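Below is one structure, written out as structure tokens; comments come after it.
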Amino acid sequence: MGKPATFRIWRGGPDGGGFQQYSTSVEEGMVVLDAIHHVQAEQAPDLAVRWNCKAGKCGSCSAEINGMPRLMCMTRLNELDLDAPVTVEPMHTFPVLRDLVTDVSWNFRAKKTIKRFHPRLPDAPDGTWRIQQADVDRVQEFRKCIECFLCQDVCHVLREHHKHDEFIGPRLLVYAAALEMHPLDTEDRVSDLRHRHNIGYCNITTCCRQVCPESITITENAIIPLKERVVDRYFDPIKSLFHIL
Amino acid sequence: MSAPDIVWKDGKFGRTSRRDSWWLSPAAILIGLSVFLIYATWAAWQNGHYTYGPYISPFYSPELFGSSPHALFGPRPGWYPRYLPFSPALLILWIPGLFRLTCYYYRGAYYKSFWADPPACAVGEPRKSYWGERSFPLILQNFHRLFLRLSYIVWGFLVYDAVRAFFFPDGFGVGIGTLVLAVNVILLGGYVFGCHAFRHLIGGTFDRVSEHPFRRRIYQAVSWLNARHMKWAWASLLSVGFADIYVRLCSMGIWHDWRFL
């Protein structure tokens with residue numbers, strides 16, 4: 001036996017839109033995406049919503065639920081106060097295609113501006129490398145990223161200040177960190193991080209880390225270590241001269 | 001790459017769909033840091049009641065020049081300009097002050113609380129312009145590790161003070177003040193050596209950390225501290241303020257230092 005719940009869902013397109021309210025019956029164990037599907041099936045067959053795995057692994061159903069960037073498939077209704085309408089909006093940082101669906105292709109264009117993986121020469125005659133587990137512990141965390149772009153959505157440099165043409169955002173800083181810290185990689189991205197990707201725009205709000213559905217410690221394990229590498233190169237003559245701590 | 005065309009471009013201060021008490025954390029940090037700043041500034045200018053027996057307030061240590069027996073180089077020097085106000089704390093407090101000011105945790109916290117940049121995650125901001133830490137003045141935050149290195153030295157002196165707090169004029173002893181100063185250096189040590197910059201310098205700088213097994217072990221310990229950096233930051237801030245209050249009130253005769261031994 002379900003109970004009624006109300007959802008304020010943003011409907012519109014690239015030129016704007018607004019909230020429409022829908023009431024539907026919800027049951028124990030449901031997530032927000034289930035409720036959206038109920039609304040779609042019963043009342044709004046033209047409601048656009050992107051989804052795929054329903055298991056928090058494809059990163060397709062990113063949206064803003066009660067104002068916070070979250071995956072719709074991983075937000076259980078019992079975590080929300082259903083006595084008031086639940087607000088569901090598309091991500092604010094990217095162009096709206098329709099309703100809850102946004103165009104995230106900017107991220108893939110920006111990704112191409114990061115220097116690619118460039119491994120050292122193979123360690124063995126058969127063209128393979130030898131890596132210690134300790135050396136890849138750090139970068140393995142970054143491989144958990146599902147590219148849901150919730151961190152890009154919540155980053156105020158992109159969301160509020162629209163610095164898309166200057167700043168690559170937390171997701172792509174994680175990607176750059178995965179390459180830059182890789183034990184086999186020989187490419188140097190530090191100059192790009194400072195001058196081209198403007199890592200200095202990040203003011204460490206930690207919002208990106210807070211919304212990551214994969215619990216990647218984005219700020220502390222990716223962005224700050226990259227900032228420190230920029231400091232090594234440009235702001236710390238003492239370390240350069242004396243190699244001290 | 002060109003910026004995409006976005007619907008939500010005219011954000012207004014405080015605009016959000018969040019329904020939780022998003023303002024609570026920045027407001028608490030605003031109050032907490034303000035209270036500490038006001039008290040620390042007042043205490044630093046007092047130039048009095050900063051020692052009691054073997055205890056010295058951490059705001060005044062190391063006491064380079066001063067009138068107490070703890071002074072390393074004697075009383076106020078003759079070369080110190082007469083027209084400048086003097087307090088031993090003013091000679092030293094800028095080091096931990098700037099260390100905390102440029103600390104990654106505090107930066108994220110006070111940008112939100114004092115400058116609303118942003119007020120909280122996914123909440124509208126009051127200003128359209130934004131420079132971040134890539135140009136003056138905030139580019140100076142990159143000198144954090146300079147103050148980290150100076151803080152190692154200050155912390156070393158505080159350890160010395162904590163050890164000295166066991167030695168009273170009548171011999172070895174343990175008072176409440178001894179414990180206050182000992183706990184203070186432990187909390188300050190957790191904060192200083194859990195610093196993000198220290199974590200990078202000790203091991204984060206290596207892509208092949210397995211080639212440096214000793215540094216790797218320290219890196220793992222520092223990473224443990226670093227994961228709790230916010231807690232160390234607040235605990236040490238409270239303890240350093242309380243240590244000053246304790247020594248001050250004992251010195252003024254308002255509190256009595258109870259001796260265990």
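Quick note on labels: first sequence line is chain A, next is B, and so on, each numbered from 1. Predicted model, so just to flag it, every value in this text is computed and none were measured.
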Check ion pair E228(A)-R199(B) (N to O, under 4.0 angstrom)
no
Got a sec, which residues hit side-chain contact (heavy atoms from CB on, under 4.5 Å) with A177(A), two or more places apart in sequence or on another chain?
F142(A), M181(A), A222(A), L226(A)
How long is the gap from CG on N226(B) to CD1 on I224(A), to the nearest 0.5 Å?
7.5 Å
Name the member of C202(A), A84(A), P225(A) that forms the most heavy-atom pairs with chain B at distances under 4.5 Å.
A84(A)
Under 4.5 Å, heavy atom to heavy atom: which of residues 207-217 of chain A reach chain B? Give them by number, or say none.
C207(A), Q210(A)
Neighbour count above 12 (heavy atom, 6.0 Å) for K231(B) NZ
no
Of the backbone (N, CA, C, O) and the side chain (C-beta and beyond), which part of S105(A) lies under 4.5 Å from a heavy atom of chain B, both, or neither?
neither
Please round to the nearest 0.5 Å and tell me the distance separating atom CG of D137(A) and atom CD of Q220(B).
8.0 Å
Using 30° and 60° as the class limits, which term best fits the ring planes of W8(B) and H92(A): parallel, tilted or perpendicular?
parallel
Is chain B contacted by the side chain of K112(A), its backbone, both, or neither, given a heavy-atom distance below 4.5 Å?
neither
Applying a heavy-atom distance below 4.5 Å, give me the residues of residues 110-135 of chain B that approach chain A, sorted by number.
Y111(B), K112(B), D117(B), P118(B), C121(B), A122(B), V123(B), G124(B), E125(B), R127(B), K128(B), S129(B), Y130(B), W131(B), G132(B), E133(B), R134(B)
Spell out, as yes or no, whether a donor-acceptor pair under 3.5 Å connects the side chain of R18(B) to the backbone of G67(A).
no
Please classify the contact between Y219(B) and chain A as side chain, backbone, both or neither, with a heavy-atom cut-off of under 4.5 Å.
side chain
Does any backbone or side-chain atom of L146(B) lie under 4.5 Å from a heavy atom of chain A? Answer side chain, backbone, both or neither.
side chain
Going by heavy atoms in the side chains, are E220(A) and H196(B) under 4.5 Å from each other?
yes
Between CG of D207(B) and CG of D135(A), what distance do you get to the nearest 0.5 Å?
8.5 Å
Contacting moiety of F206(B), where chain A heavy atoms sit under 4.5 Å
backbone
Just do the side chain to side chain contact (heavy atoms under 4.5 Å, CB included) check on I238(A) and R149(B) with the steps written out, would you?
CA-CA 10 Å; I238(A) 296 173; R149(B) 288 172 182 136; 3.7 Å; yes
Check the side chains of S17(B) and E64(A) for a donor-acceptor pair under 3.5 angstrom, ignoring hydrogens and angles.
no
Could you check whether D232(A) pairs with R145(B) (Lys NZ or Arg NE/NH1/NH2 to Asp/Glu carboxylate O, under 4.0 Å)?
yes
For D81(A), is there any backbone N or O sitting under 3.5 Å from a side-chain donor or acceptor partner on R19(B)?
yes
Can you confirm whether more than 12 heavy atoms, excluding those of R228(B), are under 6.0 Å from its CZ atom?
yes
What is the distance from atom CD1 of I204(A) to atom CD of Q141(B), rounded to the nearest 0.5 Å?
7.0 Å
Examine whether an atom of Y104(B) lies under 4.5 Å from a heavy atom of chain A, and if so say whether it belongs to the side chain, the backbone or both; otherwise answer neither.
both
Can you give me every donor-acceptor pair (side chain of residues 32-40 of chain B, partner residue at least two apart or in another chain, under 3.5 Å) with its distance?
unit_1: S34(B); atom_1: OG; unit_2: L30(B); atom_2: O; d: 2.6
unit_1: Y39(B); atom_1: OH; unit_2: D244(B); atom_2: OD2; d: 2.4

Tell me if the CD atom of Q132(A) is crowded by more than 12 foreign heavy atoms within 6.0 Å.
no
Measure the CZ-CD1 distance between F235(A) and I139(B) for me, rounded to the nearest 0.5 Å.
4.0 Å
Reported NE2-to-NZ distance for the pair H200(B) and K227(A), which is rounded to 0.5 angstrom
13.5 Å
Determine yes or no for a side-chain-to-main-chain donor-acceptor pair under 3.5 angstrom, with R138(A) supplying the side chain and G204(B) the backbone.
yes
Around atom CZ of R116(A), are there more than 12 heavy atoms of other residues, nucleotides or ligands at under 6.0 Å?
no
